[in-house]
Amino acid sequence: LDSFLQEIMNPGIFQPGLAALPTSTVELSIRCENLADTDILSKSDPVCVLFIKGKANNWLEFGRTERISDTLSPSWHKKFVMDYKFEERQLLKFAIYDVDSESSRLDSHDFLGSTEVSLGEIVAVQSKGFSKKLIGKGGMIHVISEELLGNKETVTFNFCAKNLDKKDFFGKSDPYLEISRSTECNQYVIVHRTEVVKSNLNPQWKQIKLEVRTLCNGDYHRDLKFSVYDWDMGGGHDYIGSFHTTLNRLKSGRNSENIYECIEEEKQKKKGAKYKNSGTVILNDISIEAVPSFLDYIQGGTQVNFTVAVDFTGSNGNPKNPSSLHYQDPTGRPNQYVTAITSVGEIIQDYDSDKMFPALGFGARIPPTGEVSHEFFLNLSTESPFCQGIDGLLSAYYNSLYNVQLYGPTNFSPVINHVAQFASAYESDPSNYFVLLIITDGIITDLEETKRSIIKASKLPLSIIIVGVGEEDFSAMDALDSDDRLLSCGGLVAARDIVQFVELRKFLQGGGWSKELLARAVLAEIPAQLSGWMKLKSFQPRK
């Protein structure tokens with residue numbers, strides 16, 4: 001099995017008889033204090049972006065946290081998970097931005113500060129945490145690292161509260177719940193933040209689903225802190241109270257042991273014996289289950305079928321012009337389409353036994369008549385779209401490039417429907433899973449039809465990877481990559497998230513590019529999406 005995806009799903013696996021470099025998977029939790037306020041009518045809305053230094057001495061984006069609104073001291077619950085290699089000096093840069101629009105381009109947002117550090121420096125002070133001043137507009141960054149252990153369990157639980165303190169002068173509190181886990185350095189890092197329940201002292205929060213590894217790193221006796229806050233529009237959220245527990249205690253389910261008094265420590269000191277609590281938080285239900293991993297299904301015989309679809313619309317530019325995204329450089333330097341095909345294809349092909357890949361093109365006028373096609377075989381065959389391995393894919397790509405006329409518009413739904421038709425044959429069969437890689441330079445013309453096609457395909461064994469090339473603003477693409485909520489269109493809602501969108505330019509900074517980082521970003525969600533579909537259909541790995 002390919003070591004890259006193996007590390008994602010099962011870090012540190014013991015394999016007798018083989019050799020491995022000493023690596024471990026670490027999780028980085030980030031918070032900041034006293035950031036600059038660049039908003040006039042409110043506080044900054046910070047995001048932390050992590051870069052790693054590439055082999056060409058350039059900074060390559062590794063990932064971003066969520067945006068937290070109206071705060072100068074954010075504590076992000078989204079973590080950075082990466083491999084720590086003792087024998088390498090892995091240089092990192094943490095950059096903080098105030099994000100005030102939906103644009104994914106960092107130059108569209110206010111830079112607040114940054115710092116550079118090696119991963120080794122962070123890991124070396126794991127017992128007390130890493131802190132450093134930000135260079136820029138001031139503030140401090142704090143990073144806590146922890147080595148992650150293998151655990152395939154997920155926990156699903158649900159909480160409500162009763163008689164919470166009223167914090168708002170003109171109305172009831174707007175409570176939300178934060179869950180944090182203790183760390184080796186006696187600090188707590190946030191692992192989940194619930195939704196806000198408006199104007200309610202007896203809130204019922206939505207069901208929470210977390211990996212046990214995320215919640216407590218597999219340690220059922222790890223101290224967990226639950227804190228209740230009253231949300232305020234200006235960002236100055238009021239602390240209502242907190243309590244401590246463990247997963248070992250929670251797993252017993254709804255009983256008297258899992259009704260917790262919410263204690264506000266300062267209020268307790270002032271009132272003394274007169275103080276009872278600031279409300280109670282109740283565990284309604286809990287379930288813990290072992291979830292088969294991606295590798296479990298692969299080892300059970302599931303085949304991953306890879307299809308590529310290439311954008312041949314006119315906005316890519318004349319292929320003979322060096323400014324074209326389809327330009328074939330005489331020096332042999334690959335264009336962005338070739339880069340995307342090879343970096344993703346080389347990983348995926350290891351999971352496809354026959355290495356025969358169907359490949360499509362769209363948005364071009366094709367021979368012999370010059371008709372516009374939004375779904376043609378990349379090899380221009382009239383009989384079969386299959387190409388032999390990555391070399392066959394590239395050969396078909398160049399063949400099309402020399403024989404079609406770039407045209408338009410940019411329609412995705414035909415190629416999605418094409419692959420979905422094949423995936424539908426395995427709707428009740430776990431032996432095959434399909435991955436469609438769409439490489440494009442432009443904004444989707446048939447956005448609503450594409451949404452409907454994706455929603456329909458979400459019930460099938462299919463994942464869609466969209467790689468954006470060139471310098472377009474791809475903000476609209478984020479609507480399809482529904483990490484925060486399921487994709488919807490009209491009255492239709494997707495059964496699950498099946499789309500991953502990546503901008504290639506994030507990996508092409510400074511004249512170089514990182515194949516490993518690009519492949520990681522593009523393929524990061526595939527294992528979870530495959531496992532999610534198997535669970536949706538109640539399929540277990542074959543023994």
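Computed from heavy atoms alone, side chains included, the values below leave out hydrogens, waters and symmetry copies. Model, not experiment: these values are computed from the prediction.
Using cut-offs of 30° and 60° on the angle between ring planes, the pair F362 and F412 is perpendicular. The aromatic rings of F539 and W533 lie tilted to each other, with the angle between the two planes from 30° to 60°.
No side-chain heavy atom of E147 sits less than 4.5 Å from a side-chain heavy atom of Y84. Considering only heavy atoms from C-beta on, S24 stays 4.5 Å or farther from D83 through its side chain. H109 is listed as a side-chain neighbour of S101, based on a closest heavy-atom distance under 4.5 Å. Looking at heavy atoms from C-beta onward, Y337 lies out of side-chain contact with L401 at the 4.5 angstrom threshold. Inter-residue side-chain proximity for N432 and P461 is flagged as unmet; no heavy-atom pair is nearer than 4.5 Å. Looking only at side-chain heavy atoms (C-beta outward), C489 and I455 come within less than 4.5 Å of each other. Contact annotation: the side chain of I96 approaches that of C32 to within less than 4.5 Å [non-hydrogen atoms, C-beta and beyond]. Within the 4.5 Å cutoff, the side chain of I390 has heavy atoms near those of the F357 side chain.
Closest non-hydrogen pair, R452 versus L492, comes out as CG-CD1, 4.3 Å. Across all non-hydrogen atoms, the minimal contact from R64 to V47 is CB-CG1, 4.2 Å. Here the closest non-hydrogen pair linking D98 and D45 is OD1-N, 2.7 Å. P292 and Q540 get closest at one heavy-atom pair: CG-OE1, 3.6 Å. Of all the heavy atoms in V191 and L210, the pair that sits closest is O-CD2, 4.2 Å. Listed here is the closest heavy atom pair of F474 and V469: CZ-O, 3.4 Å.
Atom CD of E102 sits in a sparse spot, with 12 or fewer heavy atoms from other residues, nucleotides or ligands closer than 6.0 Å. Within 6.0 Å of OH on Y398 lie more than 12 heavy atoms contributed by other residues, nucleotides or ligands. Environment of CZ in F377: crowded, with over 12 heavy atoms of neighbouring residues, nucleotides or ligands closer than 6.0 Å. Surrounding NZ of K53 are more than 12 heavy atoms belonging to other residues, nucleotides or ligands, all under 6.0 Å away. Residue-environment remark: NZ (K355) exceeds the threshold of 12 foreign heavy atoms within 6.0 Å.
The line from CZ of F501 to CG of L480 is 9.0 Å long, rounded to the nearest 0.5 Å. Distance CD/E525 to CD/Q500: 3.5 Å, rounded to 0.5 Å. The distance from the CD atom of E146 to the CG atom of N217 is 4.5 Å, given to the nearest 0.5 Å. To the nearest 0.5 angstrom, T450 atom OG1 is 7.5 Å from I438 atom CD1. Rounding to the nearest 0.5 Å gives a distance of 9.0 Å between OG1 of T214 and NZ of K79. For the atom pair OG (S343) and CG (L504), the distance works out to 7.5 Å, reported to the nearest 0.5 Å.
Of the residues N305, I466, V308, I416, the one that meets the side chain to side chain contact (heavy atoms under 4.5 Å, CB included) test with L436 is I416. Just one of I68, L112, T65 meets the side chain to side chain contact (heavy atoms under 4.5 Å, CB included) condition when paired with C48; it is T65. Applying side chain to side chain contact (heavy atoms under 4.5 Å, CB included) to F94 and the options L134, V49, V143 leaves one that passes, V143.
Annotation: side chain to side chain donor-acceptor pair (under 3.5 Å) contacts of Y433 (sequence neighbours excluded): S463, R496. Here Q90 pairs with nothing under the side chain to side chain donor-acceptor pair (under 3.5 Å) rule; sequence neighbours left out. Under the side chain to side chain donor-acceptor pair (under 3.5 Å) criterion, E503 pairs with S104, R505, sequence neighbours left out.
Applying the side chain to side chain donor-acceptor pair (under 3.5 Å) test to pairs two or more places apart or on separate chains, those with a residue in residues 413-427 are E375-H418, S413-D446, N417-S453. For residues 289-308, the pairs satisfying salt bridge (charged side-chain N to carboxylate O under 4.0 Å, His left out) are K152-D296, E289-K535, with sequence neighbours left out. The salt bridge (charged side-chain N to carboxylate O under 4.0 Å, His left out) contacts involving residues 309-325 comprise nothing, where partners must be two or more places apart or lie in separate chains.
Between the side chain of T313 and the backbone N or O of P409, no donor-acceptor pair lies under 3.5 Å. The closest donor-acceptor contact from the side chain of N379 to the backbone of A359 lies at 3.5 Å or more, if one exists at all. Side-chain N or O atoms of T302 include one that pairs as donor or acceptor with a backbone N or O of Y297 at under 3.5 Å.
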Decide yes or no on side chain to side chain contact (heavy atoms under 4.5 Å, CB included) for K537 and K459, but give the supporting numbers first. CA-CA 9 Å; K537 303 294 287 187; K459 298 177 182 178; over 6 Å; no
Side chain to side chain contact (heavy atoms under 4.5 Å, CB included) assessment of V304 paired with I526: CA-CA 10 Å; V304 179; I526 298 300; 5.6 Å; no
